[in-house]
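Okay, structure first, notes after.
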Amino acid sequence: MEAVGNGPKIGIDGPTNPMVTPLLTDLYQFTMAYAYWKAGKNNERAVFDLYFRRNPFGGEYTVFAGLEECIKLIANFRFTEDEIAFIQESLPSSCEVGFFDYLRGLDCSDVEIHAISEGFVVFPKIPLMRVEGPVAVVQLLETPLLTLINYASLVATNAARHRFVAGKSKLLLEFGLRRAQGPDGGISASKYCYMGGFDATSNVAAGKLFGIPLRGTHSHAFVSSFMSLDEITERSLQSCDGSNVCEDFVSSVQTWLSKLKLSYLLGGIFGETNQSELAAFISYALAFPKNFLALVDTYDVMRSGIPNFCAVALALNDLGYKAIGIRLDSGDLAYLSCESRKFFQAIEKEFVVPDFGKTGITASNDLNEETLDALNKQGHEVDAFGIGTHLVTCYAQPALGVVFKLVEINNQPRIKLSEDVSKVSIPCKKRCYRLYGKEGYPLVDIMTGENEPPPKLGERILCRHPFNESKRAFVVPKRVEELLKCFWPGRSGKDREELPSIKLIRERCIEQLNQMRPDHMRRLNPTPYKVSVSAKLYDFIHFLWLNEAPVGELL
Ligand SMILES: Nc1ncnc2c1ncn2[C@@H]1O[C@H](COP(=O)(O)OP(=O)(O)OP(=O)(O)O)[C@@H](O)[C@H]1O
Ligand SMILES: O=P(O)(O)OC[C@H]1O[C@H](OP(=O)(O)OP(=O)(O)O)[C@H](O)[C@@H]1O
Ligand SMILES: O=C(O)c1cccnc1
Ligand SMILES: [Mg+2]
């Protein structure tokens, strides 16, 4: 369906999910747009801030994600005739047709978006995005922008937290597609978990869409689908360098299994292993001799899976192939990984197979931050974690409360009051800065009015808690970073920030997390990062608050 608006086409593709259209919004945005239009207010210039009030997962930081998809929506925001017809059907018949002509010409060419760069570490109350433009259009954008940012930032933060507990050296694989909240949940999870620091995904569509590295093993069904070694008819395998062919790879594996059984170091750990499991492993090795990895917990890890895997890996080794490793998917993962490692090391020693002791161990099965932490405390030998359900469903906290609040209209600052101080909005079109201390850590984020001079290097600036009078501190910044950059200039003539690749955003995110002071990052009782306002903005907030709040009368 052809779009009918006439905004600038600047070659930005549409959102990844084709369901992200101007209709992906709440009905009340259209009813308000109509009422603005009817009142002749639709082109009044409004400024909205998009921000959250509390960091998720009991932590003190959040990773900002989802910006690129927002810009893709903005760049392509136009109604099709079909969509306009549906809106007309859905609104009361009393709505004047002029409104639908107005929608016909609508796009975001007069909207200006400033945002924090995707992948940045962000904190409560600071606008992640400032959206300025004709009030009716910006109002229509509220819901899609929130839906594009909320889950993206939540799951990227969840991924970053899992990375933090697992440690930098571990390989983290996102296995969540089957458990995600539908196809968009699955694709978004793969994208934003990679951004938050995961290494790869099992989700093939996400690999194609975003270039995320793909990884995977095999399932229990593959193992249990085999009944016996007789099923393997094609038994030959060429050596890795192509110089010779092993005519009966099955026999070679069986010979190794007998050697292992008689081994002094492995002394009687196992007797007869499960032969159908062995058939599955051999078949997988014949299919992928260079990438052999086996799921070893279908029958019995130490009595069957590990010896069977080792026999196949050693037969592959004779032909110059190096097996990748095993996956453990049940039982005590700390204990089983340590026992498996001992087994591999004993083989390296007894049969003089260099590096066999370092064979990779992947673990999966309902992993989350807590189980990773428990495994660390107990000591484990896992090299890679496959994490699904808890990661992608954000089991520990299902939503990040990102909100979109009006802060100015027609150059008039607006405030939203609440009994709950944490819900009072911070008025005015603002600028935001991150101030760094002498040790290189970010010390505080500060919001100022749009026209205040920026904080200066080496000059003392008073940073005030926005609502608590007694909380304030002087800061002499060693570095000042302006946080809100222009990602969609509208008609302002400003330069537009480029949208970096997902890989660059991931690197930026890792760098951002690394530069935080460790006490903000720890899992137990982390120190809150300070978010403040300038003295001038503080005074103005409280002036406006008093101005807007009615004075009660005691009777
Ligand atoms: N050493 C460990 N310390 C703490 N938690 C662990 C440890 N090893 C595994 N876990 C976790 O314990 C849970 C065990 O899951 P569950 O009770 O389903 O047992 P299982 O081993 O999966 O059994 P099944 O054979 O039925 O699949 C998983 O969430 C797993 O991540
Ligand atoms: O546990 P998660 O973190 O979600 O990771 C993904 C899980 O998906 C697979 O299990 P499968 O679907 O075969 O079911 P299972 O739970 O019976 O192992 C895999 O073996 C993992 O256990
Ligand atoms: O490749 C795997 O091992 C995998 C993929 C998805 C879910 N569970 C496991
Ligand atoms: Mg499982």
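When a residue number appears, it is its place in the shown sequence, counting from 1. What's counted below: heavy atoms across the whole structure, side chains too, no hydrogens, waters or symmetry copies.
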- Message: Checking C240 against K290 for the side-chain contact (heavy atoms from CB on, under 4.5 Å) test, could you report, in this order, the C-alpha distance in whole Å, the side-chain angles of both residues, the deciding distance, and whether it holds?
- Response: CA-CA 8 Å; C240 190; K290 290 184 179 164; 4.2 Å; yes
- Query: Regarding E277 and S304, is there a side-chain donor-to-acceptor distance under 3.5 Å anywhere?
  - Reply: yes
- Task: List the atom of L73, the atom of P144, and the distance in Å for their closest heavy-atom pair.
- Result: CD2-CB, 3.6 Å
- Task: Could you check K259 against E350 for salt bridge (Lys or Arg N to Asp or Glu O under 4.0 Å), going step by step and ending with a plain yes or no?
- Result: CA-CA 11 Å; K259 280 196 219 168; E350 181 154 352; over 6 Å; no
- What is the distance from atom CG of L316 to atom CG of L237, rounded to the nearest 0.5 Å? 6.5 Å
- Looking only at side chains, do H220 and D297 share a donor and an acceptor under 3.5 Å apart? yes
- Task: State, with a plain yes or no, whether a side-chain heavy atom of S224 is found less than 4.5 Å away from one of S276.
- Result: no
- Taking atom types as modelled, find out whether S418 and D420 have a side-chain donor-acceptor pair closer than 3.5 angstrom. no
- Item | R434 and P442, any side-chain heavy atoms less than 4.5 Å apart | yes
- Are T143 and D26 close enough, and set up right, to give a side-chain hydrogen bond (donor to acceptor under 3.5 Å, both in side chains), and what steps lead you there? CA-CA 6 Å; T143 312; D26 295 303; 2.8 Å; yes
- Only residue of V531, N55, V63, L128 satisfying side chain to side chain contact (heavy atoms under 4.5 Å, CB included) with V122 is L128
- Roughly how far apart are S340 OG and I361 CD1, rounded to 0.5 Å? 5.0 Å
- Query: Roughly how far, to the nearest 0.5 Å, is CD1 of I326 from CZ of F343?
  - Reply: 10.5 Å
- Item | Check: Y433/D445 side-chain N/O donor and acceptor closer than 3.5 Å | no
- Are the charged groups of R163 and E369 less than 4.0 angstrom apart, N to O? no
- So do E234 and L286 actually touch side chain to side chain, heavy atoms under 4.5 Å? no
- Take E481 and R479 through the salt bridge (Lys or Arg N to Asp or Glu O under 4.0 Å) test and state the conclusion after the steps. CA-CA 7 Å; E481 183 175 43; R479 192 180 141 209; 3.3 Å; yes
- Item | pair C509-M195: side-chain heavy atoms closer than 4.5 Å | no
- Could you tell me whether K485 and E498 make a salt bridge, using a distance below 4.0 angstrom between a side-chain N and a carboxylate O? no
- Note on the structure: Paired with L391, the side chain to side chain contact (heavy atoms under 4.5 Å, CB included) test is passed by just one of T393, I387, T389, namely I387
- Query: Considering only heavy atoms from C-beta outward, does the side chain of M447 approach that of P127 to under 4.5 Å?
  - Reply: yes
- Item | E142 side chain to T25 side chain, donor-acceptor N/O pair below 3.5 angstrom | no
- Message: Show, in sequence, the C-alpha distance, side-chain angles and deciding distance for D49 and K125, and conclude whether the salt bridge (Lys or Arg N to Asp or Glu O under 4.0 Å) test is met.
- Response: CA-CA 9 Å; D49 280 352; K125 302 191 207 62; over 6 Å; no
- To the nearest 0.5 angstrom, please state how far the CG atom of N376 sits from the CG atom of L372. 7.0 Å
- Mind checking whether H114 and F487 have ring centres under 6.0 Å apart? no
- Go through the steps to decide whether Q275 and S228 satisfy the test side-chain contact (heavy atoms from CB on, under 4.5 Å), and finish with yes or no. CA-CA 6 Å; Q275 294 299 289; S228 85; 5.9 Å; no
- Flag for T273-R303: side-chain donor and acceptor within less than 3.5 Å: no
- Message: Within a 6.0 Å radius of atom NZ on K349, are there more than 12 heavy atoms belonging to other residues, nucleotides or ligands?
- Response: no
- Evaluation steps, side-chain contact (heavy atoms from CB on, under 4.5 Å), between I446 and L435: CA-CA 8 Å; I446 183 168; L435 307 184; 4.1 Å; yes
- Between R327 and T217, does any side-chain donor sit less than 3.5 Å from a side-chain acceptor? yes
- Message: How close do L328 and V296 get, counting heavy atoms only, and between which atoms?
- Response: CD2-CG2, 3.6 Å
- Message: With a 3.5 Å distance limit and no angle check, can you tell me whether W256 reaches the backbone of N308 through a side-chain donor-acceptor pair?
- Response: no
- Indicate, with yes or no, if the rings of F404 and F48 have centres closer together than 6.0 Å. yes
- Just by modelled atom types, is the G357 backbone N or O under 3.5 Å from a matching donor or acceptor in the E348 side chain? yes
- Go through R508 and E511 one step at a time and tell me if the salt bridge (Lys or Arg N to Asp or Glu O under 4.0 Å) criterion holds. CA-CA 5 Å; R508 172 194 282 160; E511 196 183 299; over 6 Å; no
- Message: A side-chain contact here means heavy atoms from C-beta on lying under 4.5 Å apart; do K342 and M302 qualify?
- Response: no
- Do S337 and E381 get their side chains close enough for a donor-acceptor pair, meaning under 3.5 Å? no
- Item | Test item: N274 and D300 side chains (from C-beta on) under 4.5 Å apart, heavy atoms | no
- Task: Apply side-chain contact (heavy atoms from CB on, under 4.5 Å) to R517 and T527, showing your working.
- Result: CA-CA 9 Å; R517 214 173 60 200; T527 314; 4.2 Å; yes
- Item | Closest contact, heavy atoms only, C108 versus L141 | SG-CD1, 4.1 Å
- Output for pair (L172 CG, Y194 OH), nearest 0.5 Å, gives 12.5 Å
- Message: Please tell me whether D184 and N17 have a donor and an acceptor in their side chains that are separated by less than 3.5 angstrom.
- Response: yes
- Message: Checking salt bridge (charged side-chain N to carboxylate O under 4.0 Å, His left out) between D199 and each of R506, K168, K503, R215, which is the one that passes?
- Response: R506
- Crowding at CD, Q515 (>12 non-hydrogen neighbours, <6.0 Å): yes
- Parallel, tilted or perpendicular, as decided by the 30° and 60° cut-offs, for the rings of H390 and Y395: tilted
- Could you state the interatomic distance from CD1 (I113) to CG (L484), rounded to the nearest 0.5 Å? 11.5 Å
- Query: Crowded around R53 CZ? As in, over 12 foreign heavy atoms under 6.0 Å?
  - Reply: yes
- Message: So if I apply the ring pair (Phe, Tyr, Trp, His ring centres under 6.0 Å) rule between H218 and each of F288, Y284, F292, which one comes out positive?
- Response: Y284
- Message: Tell me if the OH atom of Y335 is crowded by more than 12 foreign heavy atoms within 6.0 Å.
- Response: no
- Task: Output yes when a side-chain donor or acceptor of E69 lies under 3.5 Å from a complementary backbone atom of T16, and no otherwise.
- Result: yes
- Message: Can you confirm whether more than 12 heavy atoms, excluding those of K170, are under 6.0 Å from its NZ atom?
- Response: yes
- Considering only NZ, NE, NH1 and NH2 on the basic side and carboxylate oxygens on the acidic side, decide whether K72 and D13 come within less than 4.0 Å. no
- Query: Within the side chain of R341, is there an N or O that forms a donor-acceptor pair under 3.5 Å with the backbone of F344?
  - Reply: no
- Any side-chain donor paired with an acceptor under 3.5 Å for Y151 and Q181? no
